[in-house]
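The next block holds one structure in the form of structure tokens; read it before the comments.
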Amino acid sequence: YQYLDGYIGLQVKIIGELPESLEVQGNKLVLKSKFHINLINARATATSIDPNNSETVEAEIVSEFKDFISVNSLEHYRIIKKFRFVQRDVRRTIITMAEVPNLDKFFENLRQKFDKDIPLQPAHLTLYVNRPERGIGLLSDDELKRDTEPIEIPELENIKFDKQST
């Protein structure tokens, strides 16, 4: 697991050759240098819970996550080769979706802890970006539907994903 720039993620290793860049709908996107499954945008979630105390809430979310993974595994994930083109403001990315068993239980814990309706965030892996190393957080299925569209990328069909130790 890693915690970086407000995101909690599971590191993933990609096996196979990926093009250094792709063009999608007139947008040139470049391959990220490191890969992880986005599990939760802790920073944005904390802001939605308590905008006046978001740093403290963010730290509580990270602590809750550490406690959660001490008894619940999230490492039996499956990357689903369902590629999506994501657009928000000037940012563009290509992601693939992931199934992460037990992730819903973590979000249920957060709902109970903070007494807030916190949507399960769609687990995904960002592969390509138009801004250096900058993905686009997806905080709900509504955002997934609103900001993404399915795409087919034949160049990526033969890649495989493997767990990478932190």
Side-chain angles (χ1 to χ4, degrees), residues 1-49 51 54-55 57-59 61-62 65 69 74-75 77-104 106-107 110 118-157 159-166:
Y1 301 98
Q2 69 179 21
Y3 179 65
L4 185 64
D5 293 331
Y7 287 90
I8 298 173
L10 264 168
Q11 292 181 324
V12 174
K13 180 179 180 184
I14 296 180
I15 302 167
E17 291 296 318
L18 293 170
E20 288 295 317
S21 66
L22 291 172
E23 187 162 321
V24 177
Q25 298 182 8
N27 297 279
K28 182 180 179 183
L29 305 172
V30 296
L31 186 66
K32 285 188 67 184
S33 62
K34 294 181 181 176
F35 305 98
H36 63 272
I37 298 170
N38 291 307
L39 300 174
I40 182 171
N41 181 334
R43 186 162 296 151
T45 302
T47 300
S48 72
I49 291 169
S54 61
E55 287 182 19
V57 174
E58 184 177 343
I61 291 170
V62 172
F65 183 80
I69 61 172
L74 297 175
E75 295 181 12
Y77 61 83
R78 185 170 76 97
I79 304 289
I80 307 162
K81 289 187 193 173
K82 290 186 179 177
F83 301 105
R84 300 187 76 85
F85 180 60
V86 187
Q87 299 183 73
R88 189 177 297 148
D89 51 62
V90 297
R91 295 169 292 161
R92 308 284 186 267
T93 66
I94 295 173
I95 64 172
T96 189
M97 303 311 294
E99 289 177 352
V100 183
N102 292 326
L103 185 57
D104 57 334
F106 174 65
F107 277 86
L110 292 180
I118 302 167
L120 175 66
Q121 296 176 14
H124 66 281
L125 173 73
T126 302
L127 298 169
Y128 290 87
V129 294
N130 72 332
R131 305 248 175 212
E133 303 299 325
R134 300 293 302 171
I136 300 173
L138 297 169
L139 302 180
S140 67
D141 284 336
D142 288 343
E143 287 189 5
L144 180 70
K145 290 174 190 163
R146 182 190 72 205
D147 297 338
T148 77
E149 63 183 272
I151 56 171
E152 296 202 13
I153 306 174
E155 301 96 321
L156 304 182
E157 288 301 323
I159 62 173
K160 294 183 177 10
F161 302 93
D162 195 15
K163 293 184 184 122
Q164 181 172 316
S165 59
T166 56

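Quick note: numbers below take in every heavy atom, side chains included, and nothing from hydrogens, waters or symmetry partners.
Using a 4.5 Å cut-off on side-chain heavy atoms (C-beta onward), Val12 and Tyr77 make contact. Counting heavy atoms from C-beta outward, Leu22 and Leu156 have side chains that approach closer than 4.5 Å. Side-chain contact check for Asp141 versus Pro122: some heavy-atom pair is nearer than 4.5 Å. Looking at Ile159 and Ile15, their side chains never come closer than 4.5 Å, going by heavy atoms from C-beta outward.
Note: Phe161 and Phe35 fail the aromatic proximity criterion, with ring centroids not under 6.0 Å apart.
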Full working for side-chain contact (heavy atoms from CB on, under 4.5 Å) between Glu152 and Lys81
CA-CA 9 Å; Glu152 296 202 13; Lys81 289 187 193 173; over 6 Å; no

Could you check His124 against Thr96 for side-chain contact (heavy atoms from CB on, under 4.5 Å), going step by step and ending with a plain yes or no?
CA-CA 6 Å; His124 66 281; Thr96 189; over 6 Å; no

Run the side-chain contact (heavy atoms from CB on, under 4.5 Å) check on Tyr128 and Val30 step by step: do they pass?
CA-CA 5 Å; Tyr128 290 87; Val30 296; 5.5 Å; no

Would you check, one step at a time, whether the test side-chain hydrogen bond (donor to acceptor under 3.5 Å, both in side chains) holds for Thr93 with Gln87?
CA-CA 7 Å; Thr93 66; Gln87 299 183 73; over 6 Å; no

Trace of the side-chain contact (heavy atoms from CB on, under 4.5 Å) decision for Tyr1 with Ile37:
CA-CA 9 Å; Tyr1 301 98; Ile37 298 170; over 6 Å; no

Run Glu23 and Lys28 through salt bridge (charged side-chain N to carboxylate O under 4.0 Å, His left out) and show every step you take.
CA-CA 4 Å; Glu23 187 162 321; Lys28 182 180 179 183; over 6 Å; no

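No side-chain N or O of Glu143 forms a donor-acceptor pair with one of Thr148 less than 3.5 Å apart. For the 3.5 Å distance criterion, the side chains of Asn41 and Tyr7 qualify, holding a donor opposite an acceptor.
Put simply, CG on Leu74 and CG on Leu39 are 6.0 Å apart, with the number rounded to the nearest 0.5 Å. Atom CG in Asn102 sits 11.0 Å away from atom CD in Glu75 (nearest 0.5 Å). The distance from atom CD1 of Ile40 to atom CG of Leu120, rounded to the nearest 0.5 Å, is 9.5 Å. Here the straight-line distance linking atom CD of Glu58 with atom CD1 of Ile49 works out to 10.5 Å at 0.5 Å rounding. Note that CD of Gln11 and NE2 of His36 are 9.0 Å apart. Values are rounded to the nearest 0.5 Å. One finds the CZ atom of Arg91 at 13.5 Å from the CG atom of Leu29 (value rounded to the nearest 0.5 Å).
In this structure a side-chain-to-backbone donor-acceptor pair under 3.5 Å is missing from Asp147 to Arg88. Side-chain atoms of Asn27 come within 3.5 Å of backbone atoms of Gln25 as a donor-acceptor pair (strictly under, hydrogens ignored).
In terms of heavy-atom proximity, Leu103 sits nearest to Gln121 at CD2-O, 4.3 Å. Considering every non-hydrogen atom in both Ile61 and Ala46, the closest pair reads CD1-N, 3.8 Å. Closest approach of Ala98 and Ile79 over heavy atoms only: CB-CD1, 4.1 Å. In plain terms, the two heavy atoms of Phe85 and Ile94 that are nearest each other are CD1-CG1, 4.4 Å. Closest approach of Leu127 to Phe83, counting heavy atoms only: CD1-CE2, 3.7 Å. Contact detail for Arg92 and Asn130: the closest heavy-atom pair is N-OD1, 2.9 Å.
Crowding of Glu17 atom CD: a count of heavy atoms from other residues, nucleotides or ligands under 6.0 Å not exceeding 12. Heavy atoms of other residues, nucleotides or ligands lying less than 6.0 angstrom from CD of Glu157 number more than 12.
The side-chain contact (heavy atoms from CB on, under 4.5 Å) test with Asn38 is passed by exactly one of Ile95, Leu125, Ile136, Thr126: Thr126.
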